[in-house]
Enquirer: 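Pasting in a structure now, in structure tokens, and then I'll have a few things to ask.
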Amino acid sequence: MALDARDIYITALKNTHALEMQALQIMERQVERLQRYPEMEDALRRHIEETHGQRARLEEALQAVSESPSAIKEGILGFVGNMMALGHTPAQDEILKNAYANHAFENFEIAAYESLLTICETAGQQGSITGFQQSLREEEAMARKVRELVGPTTRRYVELTVAGDKADR
Ligand SMILES: [Fe+2]
């Protein structure tokens, strides 16, 4: 059965919505465990706020095509889910694994929005483009921030560990 541009658009909206819900879960779990890494904590808190806005944009776009986000496709999360599971195992270097995984996750989201924007144009849904461009810029800024924090986070991790301190959060 052939799918039309609108079907593809709706699927993309639902997948991206599922991705943002996953993002919120991951970040909310991490943010409570970053007492020794205040810069990372701040970046995550700010991005949690932005992500609520991104989720709202996707929900509005779904409403505009009379769809609800309820029927979520989990398939897209397979790869990301495995990657994020890296940080779940309690380990001294959990903070480092989370930093790598967050970097990967934000870049995954960048690709997802790039793709959604293209699908959006193809489906003639110009009304949602500005909002999704905003979401894309937010993901790009967060990806840069996470990248910038990899070095300082690692340095702090090494200092704490060498000092015999708990460095995992
Ligand atoms: Fe994000």
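Order of listing sets the numbers, starting from 1, for every ligand and every atom in it.
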Enquirer: Check all N, O or S atoms of E109 and name the one closest to the Fe ion (ligand 1).
Expert: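 Per the distance ranking, E109 contributes OE1 as its closest N/O/S atom to the Fe ion (ligand 1).
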Enquirer: If we check salt bridge (Lys or Arg N to Asp or Glu O under 4.0 Å) with E138, which of these qualifies: K145, R144, R46, R57?
Expert: R57
Enquirer: Salt bridge check: are E59 and R55 linked by an N-O gap of less than 4.0 Å?
Expert: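 Yes, charged N to carboxylate O under 4.0 Å.
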Enquirer: Does the shortest distance from the Fe ion (ligand 1) to an N/O/S atom of E138 fall below 2.8 Å?
Expert: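 No, outside the cut-off.
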Enquirer: Can you tell me how far CD1 of I48 sits from CE of M27, rounded to the nearest 0.5 angstrom?
Expert: 5.5 Å
Enquirer: Should R156 and E39 count as an ion pair when the cut-off is N to O under 4.0 Å?
Expert: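 Salt bridge flag = no for E39 with R156.
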Enquirer: Just to confirm my numbers, could you give the angle made at the Fe ion (ligand 1) by NE2 of H47 and OE1 of E139, rounded to 10°?
Expert: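 About 90°, to the nearest ten degrees.
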Enquirer: Look at E106 and state whether any of its N, O or S atoms is less than 2.8 Å from the Fe ion (ligand 1).
Expert: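 Given the 2.8 Å cut-off, E106 counts as a ligand of the Fe ion (ligand 1).
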Enquirer: Do any N/O/S atoms of E20 come under 2.8 Å of the Fe ion (ligand 1)?
Expert: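 Here the distance criterion (N, O or S atom, under 2.8 Å) is not met by E20, so no.
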Enquirer: Does the side chain of E20 come under 3.5 Å of the side chain of H52 through a donor N or O and an acceptor N or O?
Expert: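 There is no such pair (donor and acceptor under 3.5 Å, judged by atom type) between the side chains of E20 and H52.
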